[in-house]
There are 2 protein chains.
Amino acid sequence: MSKRKPPERSNQRYRTRKDLIDAAGRLMKNGHKPSLEEVAEAARVSRATAYRYFPNVEALLVEAPLDTAAPDWDALFAGDASIDPEERVDRAEAAMHRMVFDNEAAIRLMLSASVARAARETDGEAVPYRQNRRTPLIEAALAPARTRFKKANYNRLRAALAMIFGSESMVVFRDVLRLDEKTARAVKSWAVRALVRAALDESQAQ
Amino acid sequence: MSKRKPPERSNQRYRTRKDLIDAAGRLMKNGHKPSLEEVAEAARVSRATAYRYFPNVEALLVEAPLDTAAPDWDALFAGDASIDPEERVDRAEAAMHRMVFDNEAAIRLMLSASVARAARETDGEAVPYRQNRRTPLIEAALAPARTRFKKANYNRLRAALAMIFGSESMVVFRDVLRLDEKTARAVKSWAVRALVRAALDESQAQ
DNA sequence: CATATAATGAGACGATCGTCTCGTGTCAAG
DNA sequence: CTTGACACGAGACGATCGTCTCATTATATG
């Protein structure tokens with residue numbers, strides 16, 4: 001039984017996976033939902049191979065735009081000495097707002113696929129089906145004032161801000177309320193400031 | 001050219017449309033996305049007819065669960081003499097919360113279809129593609145205290161609460177934050193109360 | 001370099017989608 | 001009751017989905 005250590009080939013797998021995600025991201029830019037065949041062709045890969053990496057089209061579309069349109073949050077607070085959490089959270093929301101509204105088409109496709117996929121997998125075993133970029137951003141914004149919050153208040157505030165930060169609120173403003181981008185930004189700016197202030201007040205009172 | 005007034009037959013059209021929506025709502029209860037053929041069969045209608053009423057499957061699924069799971073909001077404040085907007089908004093959110101989490105599967109399908117459909121129709125002409133049940137509910141909750149808000153503050157508060165009330169926040173809590181239903185309700189309860197309070201303060205100050 | 005093994009390509013398969021045409025049934029005005 | 005307009009049913013069509021099998025290529029190790 002001359003067993004040989006199986007070849008790793010992890011680099012090859014990583015590259016083809018990345019090629020697929022990149023191709024999907026490119027094709028989603030214009031808001032057109034690409035068929036898996038289109039993505040595979042753009043990635044110079046056969047259809048069968050694409051299905052070896054992603055169980056369905058949605059799973060592929062979920063990962064695509066996130067990698068493409070991910071700005072560098074670090075630069076947001078880099079040359080900035082502001083400590084005021086209200087100010088920092090508002091600025092972070094502004095950046096997230098821009099990113100979401102600039103990539104609305106692609107993000108809609110991602111969100112749609114994500115929501116449907118989670119519904120399908122409710123009965124099966126859970127899957128890490130969605131990334132979370134907003135929590136790190138929120139935490140970075142709150143970091144300098146971290147000690148001014150009680151722990152419970154901090155966690156509650158963080159969760160509440162997550163409702164406002166993401167792409168879901170964009171859907172509310174556009175599809176439900178039919179409000180324009182500027183109004184949306186104004187409402188969110190007011191809301192995040194009010195929430196930060198409330199959490200601060202409750203933390204220092206008593 | 002003997003022209004005769006064309007037969008109305010609007011009742012027939014209304015019934016088949018309603019039959020299709022009802023059938024879709026029934027099939028979506030368990031979270032399984034029904035194929036259009038399944039819906040048509042359940043509605044005792046041919047596939048071709050279903051396509052005569054809805055351009056695609058998503059358009060059908062968007063309208064279904066809303067009609068099915070729409071409680072009577074009026075009863076919420078019927079035997080209630082509370083005037084405090086904070087209390088009323090919190091109670092309204094609790095009701096919406098229950099409705100959304102009880103029908104999570106169907107609402108996910110609706111939301112997914114709605115978000116994707118809006119993306120597709122971005123280039124074409126706008127379409128009334130989504131109903132808005134939360135705004136009337138929010139307005140009913142704020143009604144008794146309506147005069148205590150300045151107009152701008154009222155509109156801003158109403159929009160901010162819409163972010164928290166709907167099904168979108170459920171997606172945030174479940175898929176992004178991975179928090180359980182109880183925690184979600186607690187966070188939202190705190191947030192809506194804080195927002196109402198902030199809007200009130202800003203309205204009476206100055 | 002040689003080779004076992006992993007990664008890929010090619011393509012068939014049934015199911016569903018969305019569109020189309022044509023024939024039948026049915027309502028309601030005259 | 002008659003009849004014209006309308007709703008409906010049946011079914012074909014190509015496109016895409018997701019799964020499968022089998023052959024071919026590429027890679028890392030000895």
Side-chain angles (χ1 to χ4, degrees), chain A residues 1-24 27-28 32-64 109 112-113 116-117 119-121 124 127 129, chain B residues 1-24 27-28 32-64 109 112-113 116-117 119-121 124 127 129:
Chain A
M1 311 254 305
S2 68
K3 280 193 181 174
R4 206 156 50 160
K5 184 168 40 160
E8 273 290 331
R9 300 182 87 156
S10 59
N11 285 339
Q12 186 180 17
R13 296 231 315 272
Y14 175 83
R15 271 187 296 107
T16 53
R17 182 189 169 85
K18 179 177 168 56
D19 286 349
L20 281 167
I21 291 179
D22 286 352
L27 293 177
M28 288 170 69
H32 164 68
K33 175 177 176 177
S35 74
L36 189 134
E37 183 146 23
E38 289 178 289
V39 177
E41 187 177 6
R44 304 285 198 162
V45 153
S46 89
R47 209 167 63 93
T49 297
Y51 274 109
R52 287 189 181 99
Y53 284 82
F54 299 93
N56 48 53
V57 193
E58 286 82 29
L60 174 52
L61 300 188
V62 167
E63 304 206 24
L109 293 174
S112 170
R117 197 156 83 101
R120 181 183 317 165
E121 289 163 357
V127 175
Y129 41 79
Chain B
M1 312 248 310
S2 67
K3 280 193 182 174
R4 207 158 46 160
K5 183 165 44 160
E8 273 290 332
R9 298 183 88 155
S10 59
N11 286 337
Q12 185 180 18
R13 294 228 314 272
Y14 175 82
R15 271 188 294 107
T16 51
R17 181 189 169 84
K18 180 176 169 55
D19 286 348
L20 281 167
I21 291 180
D22 287 351
L27 294 177
M28 287 169 69
H32 164 68
K33 175 178 177 176
S35 75
L36 189 133
E37 184 146 23
E38 289 178 288
V39 178
E41 188 177 7
R44 303 285 198 163
V45 152
S46 89
R47 210 167 64 93
T49 297
Y51 273 110
R52 287 191 182 97
Y53 284 82
F54 299 94
N56 49 52
V57 192
E58 286 82 30
L60 175 51
L61 300 188
V62 167
E63 305 206 23
L109 293 174
S112 169
R117 198 154 81 101
R120 181 183 317 165
E121 288 164 358
V127 174
Y129 42 79

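Basis for what follows: all heavy atoms, side chains included, without hydrogens, waters or symmetry-related copies. Order of the sequence lines fixes the chain letters, A, B, ..., with proteins taken first and strands second; residue numbering starts at 1 for each chain.
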* Is any side-chain heavy atom of B:Glu63 less than 4.5 Å from a side-chain heavy atom of B:Arg17? -> yes
* Asked: How many Å lie between CD on A:Glu41 and P on D:dA15, as a whole number?
  -> 14 Å
* Asked: What is the minimum heavy-atom distance between A:Tyr51 and A:Asn56, and which atoms define it?
  -> CE2-CA, 4.3 Å
* Electrostatic pair A:Lys18:A:Asp22 at N-O distance under 4.0 angstrom -> yes
* Structure fact -> To the nearest angstrom, the CZ-C1' distance between A:Arg15 and C:dA7 comes to 11 Å
* Interatomic distance where NZ belongs to B:Lys33 and C1' belongs to D:dC17 [whole Å] -> 11 Å
* Rounded off to whole Å, could you give me the CG-to-C1' distance for the B:Leu36 and D:dC17 pair? => 16 Å
* Kindly write out the residues that satisfy side chain to side chain contact (heavy atoms under 4.5 Å, CB included) with A:Arg13, not counting sequence neighbours, or none if the list is empty. => A:Tyr53
* Structure fact -> note: B:Tyr51, atom OH; C:dT21, atom C1'; distance rounded to Å ~ 17 Å
* Rounded distance (Å) that lies between atom P of D:dA7 and atom CZ of B:Arg17 -> 14 Å
* Specify the closest pair of heavy atoms between B:Val39 and B:Leu20, including all atoms of both residues, with the distance to one decimal. => CG1-O, 3.7 Å
Distances for protein N/O vs nucleotides 8-10 of chain D N/O pairs under 3.5 angstrom?
{"unit_1": "D:dC8", "atom_1": "OP1", "unit_2": "B:Thr16", "atom_2": "OG1", "d": "3.3"}
{"unit_1": "D:dC8", "atom_1": "OP2", "unit_2": "B:Tyr53", "atom_2": "OH", "d": "2.6"}
{"unit_1": "D:dG9", "atom_1": "OP2", "unit_2": "B:Ser46", "atom_2": "N", "d": "2.7"}
{"unit_1": "D:dG9", "atom_1": "OP2", "unit_2": "B:Ser46", "atom_2": "OG", "d": "3.3"}
{"unit_1": "D:dG9", "atom_1": "OP2", "unit_2": "B:Thr49", "atom_2": "OG1", "d": "2.9"}
{"unit_1": "D:dG9", "atom_1": "O6", "unit_2": "B:Arg52", "atom_2": "NH2", "d": "2.6"}

* Distance, rounded to the nearest Å, where A:Leu60 contributes CG and D:dG18 contributes C1' -> 14 Å
* Specify the separation, in whole Å, of atom CD of A:Glu37 and atom P of C:dA12. => 13 Å
* Pairs flagged by salt bridge (charged side-chain N to carboxylate O under 4.0 Å, His left out) wherever residues 33-49 of chain A is involved - sequence neighbours left out -> A:Lys33-A:Glu58
